[in-house]
Amino acid sequence: MSSVQVECVVKSSALIGEGPVWEESEQMLLFVDIAGKKIHRWSPTTNQIQSVDTGDTVSFAVPRRSGGYVAGVGRSIVAVDWSTQAMTSLVEVDEDKPNNRLNDGKVDVIGRLLAGTMGKEQRPAEVQRRQGALFSVTSDLSVTSHLSQVDISNGMDWSLDHKTFFYIDSLSLTVDAFDYDLNTGRLGNRRMVYCMQEGEGLPDGMTVDAEGRLWVACYNGGRVINIDPATGVRLQTVSLPVMKITSCCFGGPDYSDLYVTSASLGLEQSESRQQPLAGHTFRVRGLGVKGRPSNAFSG
Ligand code: BGC
Ligand code: CA
């Protein structure tokens with residue numbers, strides 16, 4: 001029997017902790033607080049946290065090949081110079097929808113960025129429907145729209161052979177898959193991989209492990225679930241001490257630690273009392289599986 005341990009490692013007190021990415025070169029965990037408008041970087045060796053204010057919602061931050069990061073700030077893809085904290089907008093999406101904002105983003109193995117949007121939230125997970133889209137951004141900063149009428153564009157990752165793109169539109173309550181053409185970025189043949197069960201809440205962020213299985217953050221479900229995309233079977237459930245689980249990624253020196261972010265925004269007062277760790281970041285060990293390195297944006 002493996003013994004799974006869950007530990008609260010970053011007391012980040014985020015409103016919406018999100019978008020964890022392991023940065024191999026720095027051996028640090030990069031993540032954001034969307035509503036708190038901050039990018040954070042945490043070192044497990046020193047336990048130090050460094051932060052940059054973004055001035056608007058920031059939904060993801062990922063390493064950039066030419067140095068620094070690219071982040072989704074409001075509706076802009078922004079270059080971030082960590083040392084000077086300077087931010088430069090590279091490109092904007094959804095210009096015709098001023099109330100939209102970017103949400104999850106991730107980079108494929110050739111350096112293409114995929115990022116989604118969503119309409120305005122009245123309250124967490126209560127959104128103006130079908131306003132969102134899914135875009136890709138290539139190294140020349142050209143933007144392609146792949147999906148429209150999305151409610152809350154959320155978790156994404158690729159299969160080990162990069163031929164399948166896994167994707168979550170949260171309010172559909174499903175994890176879907178597309179055929180993915182790595183050369184053109186084109187998506188096709190959408191199908192459902194998994195439908196959330198009673199108590200699992202909304203599917204949010206996700207990561208694919210080194211065996212090709214999915215780890216899905218369960219917003220309002222207080223857990224991360226492990227899905228075999230080949231069969232649609234849930235293989236494992238990891239329970240966490242907070243309900244609004246937002247995303248996860250593997251990291252650590254050998255990618256065997258699962259880092260999990262959470263939100264505190266939208267909890268009732270009584271719920272906040274019962275979940276004093278809401279908004280913090282957790283580390284899960286002993287899963288017996290490793291993750292894959294993250295990719296850097298080529299643009
Ligand atoms: C979004 C939140 C939303 C949550 C649940 C997150 O990715 O950023 O605004 O409430 O997903 O769907
Ligand atoms: Ca998310």
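Order of listing sets the numbers, starting from 1, for every ligand and every atom in it. Since the model is a prediction, treat every value here as computed from it, not as a measurement.
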*asked:* Checking one value in my table: which N/O/S atom of Asp104 lies closest to the Ca ion (ligand 2)?
replied: OD1

*How far is atom 4 (C) of ligand 1 from its nearest protein heavy atom, and which residue and atom is that?*
Asp204 OD2, 3.6 Å

*asked:* Within ligand 1, which atoms have a heavy atom of Asp104 less than 4.0 Å away?
replied: 7 (O)

*Can a non-hydrogen atom of Glu18 be found less than 4.0 Å from any atom of ligand 1?*
yes

*Ignoring hydrogens and angles, tell me if any N or O in the side chain of Thr117 forms a donor-acceptor pair with the backbone of Asn100 under 3.5 Å.*
no

*asked:* Geometry only, no angles: is Leu202 polar-contacting ligand 1 at N/O separations under 3.5 Å?
replied: no

_Nearest-neighbour protein heavy atom for atom 8 (O) of ligand 1, which is reported as residue plus atom name and distance_ = Asn103 OD1, 2.7 Å

_Between Phe166 and Trp158, ring centroids under 6.0 Å_ = no

*Of the protein's non-hydrogen atoms, which lies at the shortest distance from atom 7 (O) of ligand 1, and what is that distance?*
Asn154 OD1, 2.7 Å

*If you measure from the Lys or Arg side-chain nitrogens to the Asp or Glu carboxylate oxygens, is any gap between Asp179 and Arg191 under 4.0 Å?*
yes

*Taking non-hydrogen atoms only, is Leu171 closer than 4.0 angstrom to ligand 1 via side chain, backbone, both or neither?*
neither

*Is it true that some N/O/S atom of Thr246, main chain or side chain, lies under 3.0 Å from the Ca ion (ligand 2)?*
no

*How long is the span from the CG atom in Leu202 to the CG atom in Leu171, to the nearest 0.5 Å?*
6.0 Å

*For ligand 1, is there an atom lying under 4.0 Å from some heavy atom of Ile34?*
yes

*Among all protein heavy atoms, pick out the one at the shortest distance from atom 2 (C) of ligand 1; state its residue, atom name and that distance to 0.1 Å.*
Glu121 OE2, 3.6 Å

*Out of the N/O/S atoms in Glu18, what is the name of the one closest to the Ca ion (ligand 2)?*
OE2

_Closer than 4.0 Å to some heavy atom of Met118 - which atoms of ligand 1 meet that?_
9 (O)

*Look at the rings of Tyr259 and Trp42 and say which category their plane angle falls in: under 30° parallel, 30 to 60° tilted, over 60° perpendicular.*
perpendicular

*Using the ring of each side chain (for Trp, its six-membered ring), is His40 parallel, tilted or perpendicular to Phe31, with breaks at 30° and 60°?*
tilted

*Arg101 near ligand 1, heavy-atom distance under 4.0 Å?*
yes

_Would the distance check show the side chain of Asp151 and the main-chain N or O of Arg130 forming a donor-acceptor pair, the cut-off being under 3.5 Å?_
yes

*When you measure from the side chain of Arg129 to the backbone N and O of Ile152, does any donor-acceptor pair fall under 3.5 Å?*
no

*What atoms in ligand 1 come closer than 4.0 Å to a heavy atom of Ser170?*
12 (O)

*Between Ser136 and His146, is any side-chain donor less than 3.5 angstrom from a side-chain acceptor?*
yes

*Hey, are the side chains of Asp254 and Lys290 touching, using non-hydrogen atoms and a 4.5 Å cut-off?*
yes

*Looking at Asp204, pick out the N, O or S atom nearest to the Ca ion (ligand 2) and give its name.*
OD1

_Distance-only donor-acceptor check, side chains Trp82 and Gln50, under 3.5 Å_ = yes

*Within a distance under 4.0 Å of any heavy atom of Ala125, pick out the atoms of ligand 1 and give their elements.*
10 (O)

